Asks: 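Shown below is the structure under consideration.
If you're wondering where the values come from, they're calculated on a predicted model, not measured in any experiment.
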Protein chains: 2
Amino acid sequence: MRARDLNKVELVKQKAMELLVKIGFEGFTMNKLAKECKISVATLYIYYKDKDDLILQVAMEEAERMSNVMLEDFDPEASFEVGLKQQWKNRAKCMLENPITAQFLEQLRTSTYQEDVYGTIVNNFKLTLGKFMTNAINRGEINPMQLEVYWSVAFAPLYNLVRFHFEGRSIGGKPFILTDEALWGTFELVLKALKK
Amino acid sequence: MRARDLNKVELVKQKAMELLVKIGFEGFTMNKLAKECKISVATLYIYYKDKDDLILQVAMEEAERMSNVMLEDFDPEASFEVGLKQQWKNRAKCMLENPITAQFLEQLRTSTYQEDVYGTIVNNFKLTLGKFMTNAINRGEINPMQLEVYWSVAFAPLYNLVRFHFEGRSIGGKPFILTDEALWGTFELVLKALKK
DNA sequence: AATATAAATGAATATTCATTCATTTAATAA
DNA sequence: TTATTAAATGAATGAATATTCATTTATATT
């Protein structure tokens, strides 16, 4: 018996994300992916049933992996300020250390694959987050609000900064680099918005 | 001479966006679009040079149209609170009244077309916004910060709420509807974050 | 070392898709 | 009304793309 080359499997996953981020769904093909990996296109069909299966499996694995990292050292019983800061730390680290994956998952959001990925994976993740917000409300640390409002104020600015960082130019003409100063300065603003 | 049917041209534009939003770049084809419009594919090639040209032209026209609406009644010399409120009003109205266009332009952001669209159109728009922020800083209404930080705190929560609204389910299982209350409640939070 | 077995492959095949072409249709201008 | 002209079309065409297949290759087991 010949064993499957796990490095090759991993390579396929990485290159698939790279290629999708680089040329978008509109340009992505199985042949390009195979060429990029320097393997036969037939090999892709040993690993995956078809193109959809490939994209979906890669997406699910990465979404799961990333959401696990995002919960590291996070305690939903922690105080609001400490908990939120930990969330920012995890999310920023996670995205900045995995730029391809982060951009790939972002890209998924406006594709037909979104539903399958987000429907299944991210659920206990959401529960933890909801519990954290409810705790903060019950303790009187923040005012009552809808979870969607909370999420939008608490995290959308962070995701947006990271996006500007990846795009490298954002609004003005000059490249934007997300420094620690900018990151934590923004965090303070968000904290100010949410705290009573 | 036979005149071009402008209703048909408009129909193509609308259906193109609808289809792209519905089935993503990965599923979009010229034949599907033609069928959707109940016209011949060949007609598409009278209006547009090729597929890229079609997507790009539709995108540019819509991006320009939307960014014009977003600046209606906006005065970069207005006070910070008044100006930001007007921006929120315009953007919310614009996206909620043009859901397809809004989602289509969102989708573009993670495609290869992004560069061409955003590079050209949105520039004087950005200048106006930058001027408004600088004014607010000079008047001492807000603290000095990078334009990217400002944008991320001032608008990312709004865009995120609208996205949740379109997705219709967002975080929890129940559908999320963006009410006026949620919208303006969030605005107050953002204002609190930014004002000195 | 020999065998067995799945991995891996290069070269098809089959399908989908963008694009073109030969005609027809409708509207304008004469 | 007729001639003219571009719009509009249905049916190709050919290129790109997903997928399969007949072989070969490598490795674990005996």
Asks: When the distance from NZ of A:Lys38 to C1' of C:dA8 is rounded to whole Å, what number comes out?
Replies: 17 Å
Asks: Expressed as a whole number of angstroms, how long is the span from A:Asp50:CG to C:dA14:P?
Replies: 19 Å
Asks: Would you mind telling me which of D:dA18, D:dT9, C:dT9 lies closest to the side-chain atoms of B:Ser40?
Replies: D:dT9
Asks: Judged by atom type as modelled, is there a donor-acceptor pair below 3.5 Å linking the side chain of B:Gln103 to the main-chain atoms of B:Phe166?
Replies: no
Asks: Any idea how A:Trp184 and A:Trp88 line up, ring-wise: parallel (<30°), tilted (30 to 60°), or perpendicular (>60°)?
Replies: tilted
Asks: Suppose we call a contact any N or O donor and acceptor under 3.5 Å apart; does that hold for the side chain of B:Asp5 and the base of D:dA8?
Replies: no
Asks: One thing to verify: whether A:Glu61 and A:Lys13 come together as a salt bridge, which I'm taking to mean a side-chain N less than 4.0 angstrom from a carboxylate O.
Replies: yes
Asks: Grab the CZ-P distance between B:Phe28 and C:dT16 for me, whole Å please.
Replies: 18 Å
Asks: Categorize B:Thr43 for me: base, sugar-phosphate, or nothing, with a 4.0 angstrom heavy-atom threshold over every strand shown.
Replies: base
Asks: Does the side chain of A:Tyr45 get closer than 4.0 angstrom to OP1 or OP2 of D:dT20 through an N or O atom?
Replies: no
Asks: Give the rounded distance in Å between these two atoms: NZ of B:Lys51 and P of C:dT16.
Replies: 15 Å
Asks: Is any side-chain nitrogen or oxygen of B:Arg2 closer than 4.0 Å to OP1 or OP2 of C:dT28?
Replies: no
Asks: Check the distance between C:dT19's P and B:Leu54's CG and give it to me in whole angstrom.
Replies: 10 Å
Asks: Calculate the interatomic distance between A:Asn31 atom CG and C:dA11 atom C1'; express it in whole Å.
Replies: 12 Å
Asks: Nearest whole angstrom, please: distance from the P of D:dA16 to the CD of A:Glu26.
Replies: 17 Å
Asks: Describe the nucleic acid contact of A:Ile39 in one word from base, sugar-phosphate, nothing, applying a heavy-atom distance below 4.0 Å.
Replies: sugar-phosphate
Asks: Could A:Glu167 and A:Arg163 be called an ion pair, given the rule that one side-chain N must be under 4.0 Å from one carboxylate O?
Replies: yes
Asks: Does a side-chain N or O of A:Tyr47 approach OP1 or OP2 of C:dA8 to a distance below 4.0 Å, or not?
Replies: yes
Asks: Rounded to whole angstrom units, what separation is found between the NZ atom of A:Lys32 and the C1' atom of D:dA15?
Replies: 13 Å
Asks: Taking OP1 and OP2 of C:dC17, is either one under 4.0 Å from a side-chain nitrogen or oxygen of B:Lys35?
Replies: no
Asks: Would you mind classifying the nucleic acid contact of B:Tyr48 as base, sugar-phosphate or nothing, using non-hydrogen atoms under 4.0 angstrom?
Replies: nothing
Asks: Nearest heavy atom decides the nucleotide; on that basis, is B:Val41 or A:Ala3 closer to the 5' end of DNA chain C?
Replies: A:Ala3
Asks: Just to be sure I understand the rule, does A:Ala42 reach a base, reach only the sugar-phosphate, or reach nothing, if contact means heavy atoms closer than 4.0 Å?
Replies: base
Asks: A:Phe25 vs A:Tyr113 aromatic rings, parallel, tilted or perpendicular, using cut-offs 30° and 60°?
Replies: parallel
